[in-house]
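In what follows, a structure is listed as structure tokens, so that the remarks can point back to it.
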Amino acid sequence: MGLYTTLTNMITEYTGLSPAAFFTIAALMYVVYKVVSGMFVAADAYVEVKRDQEYVLREPVQIGDITEEELRPYDGSDHSKPLLMAIKGKIYDVSRSRMFYGPGGPYALFAGRDASRALALMSFEPSDLTGNIDGLGASELEVLEDWEAKFEEKYVKVGQLVSEKKTAPVVDDEAVGNDKLQEDQTKED
Ligand code: HEM
């Protein structure tokens, strides 16, 4: 007896249904299961959604002066950090627009960066992902100003990009001594 015949005989014996009726019911149950389970969010996805919501609701925090390199990790990949983006050196908290700038979003490439050049040129070229706006024309600078105005209105400014972080001045005794010497000499002159 073939495998198929054995199977159909077993189905009829155990369920009292014809094989055709059995498979139709099984298929319907599968469809219902898929539809109903699709109405619920998987537990891990739910945690993700919840995290995103908490994130969006968090108040922007002032970050102060940071370098472009220090801005990079604020690209939304780390949920404990706000989502930041800069225009003309001004850093904005764009966490509330995670759907635009967060991972997988259409403008994710701008997050954690000064995107002035890309915005002015309306470009997605990686080489334009910079705050360097040298050589741009008047109309491009105007486009950039419009973006800046939009960001000023929509987001909270939380900091400023600096080329190098100001650190506490290192006191070099010898140098101080030399300066003093020069100062004294100038006075004498
Ligand atoms: C096919 C071309 C494009 C389409 C259809 C498009 C569409 C959109 C739409 C519908 C929005 C949402 C607007 C809102 O709800 O406030 C948006 C936002 C935005 N677009 Fe585009 N866009 C395009 C190209 C670009 C380009 C080339 C850039 C820059 C390089 C860009 C940068 C942005 C930015 C930064 C936002 C978010 C602004 C915000 O934070 O509110 N878009 N875009």
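Remember, predicted model here, so these are calculated numbers, not experimental data. Whatever order the structure lists them in is the order used to number ligands and atoms, beginning at 1.
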As a test of understanding, state which of K88, K90, K157 forms a salt bridge (charged side-chain N to carboxylate O under 4.0 Å, His left out) with E152. K90
Look up atom 38 (C) of ligand 1 and tell me if a protein heavy atom lies less than 4.0 Å from it? yes
Taking non-hydrogen atoms only, is A118 closer than 4.0 angstrom to ligand 1 via side chain, backbone, both or neither? backbone
Does the side chain of K150 reach to within under 4.5 Å of the side chain of D146, using non-hydrogen atoms? no
Spell out, as yes or no, whether a donor-acceptor pair under 3.5 Å connects the side chain of R117 to the backbone of D134. yes
Heavy atoms of the protein only: does one fall short of 4.0 Å from atom 10 (C) of ligand 1? no
I need the minimum non-hydrogen distance between L83 and G76, along with the two atoms involved. CD1-N, 3.2 Å
Verify atom 31 (C) of ligand 1: protein non-hydrogen atom under 4.0 angstrom away: yes
For G2, is there any backbone N or O sitting under 3.5 Å from a side-chain donor or acceptor partner on T6? yes
Give the residue, atom name and distance (to 0.1 Å) of the protein heavy atom nearest atom 15 (O) of ligand 1. F100 CZ, 3.9 Å
Give yes if a backbone or side-chain nitrogen or oxygen of K154 is under 3.5 Å from a nitrogen or oxygen of ligand 1, and no if not. yes
In this structure, atom 16 (O) of ligand 1 is nearest to the protein heavy atom K150 NZ, 3.8 Å
For M85 and V94 the tightest heavy-atom approach is CB-CG2, 4.1 Å
For atom 27 (C) of ligand 1, state which one of M122, M99, M85, E125 supplies the nearest heavy atom. M122
Please write down residue, atom name and distance for the protein heavy atom closest to atom 28 (C) of ligand 1. F124 CZ, 3.7 Å
Nearest-neighbour protein heavy atom for atom 34 (C) of ligand 1, which is reported as residue plus atom name and distance: W147 CH2, 3.4 Å
For A108 and G102 the tightest heavy-atom approach is CB-O, 3.3 Å
One finds that the ligand 1 atoms under 4.0 Å from a non-hydrogen atom of Y155 are 39 (C), 40 (O), 41 (O)
Using the six-membered ring wherever Trp is involved, compare the ring planes of Y101 and Y107 and label them parallel, tilted or perpendicular (cut-offs 30° and 60°). tilted
Contact atoms of ligand 1, heavy-atom distance to F110 under 4.0 Å: 29 (C), 30 (C)
Examine distances only and state if a side-chain atom of D114 and a backbone atom of G89 form a donor-acceptor pair shorter than 3.5 Å. yes
Within the structure, does S123 bring an N/O atom to less than 3.5 angstrom of an N/O atom in ligand 1? no
Minimum distance, heavy atoms only, to atom 33 (C) of ligand 1: which one of Y107, Y92, Y101 is it? Y107
Heavy atoms of the protein only: does one fall short of 4.0 Å from atom 5 (C) of ligand 1? no
Whether over 12 other heavy atoms sit under 6.0 Å from E142 CD: no
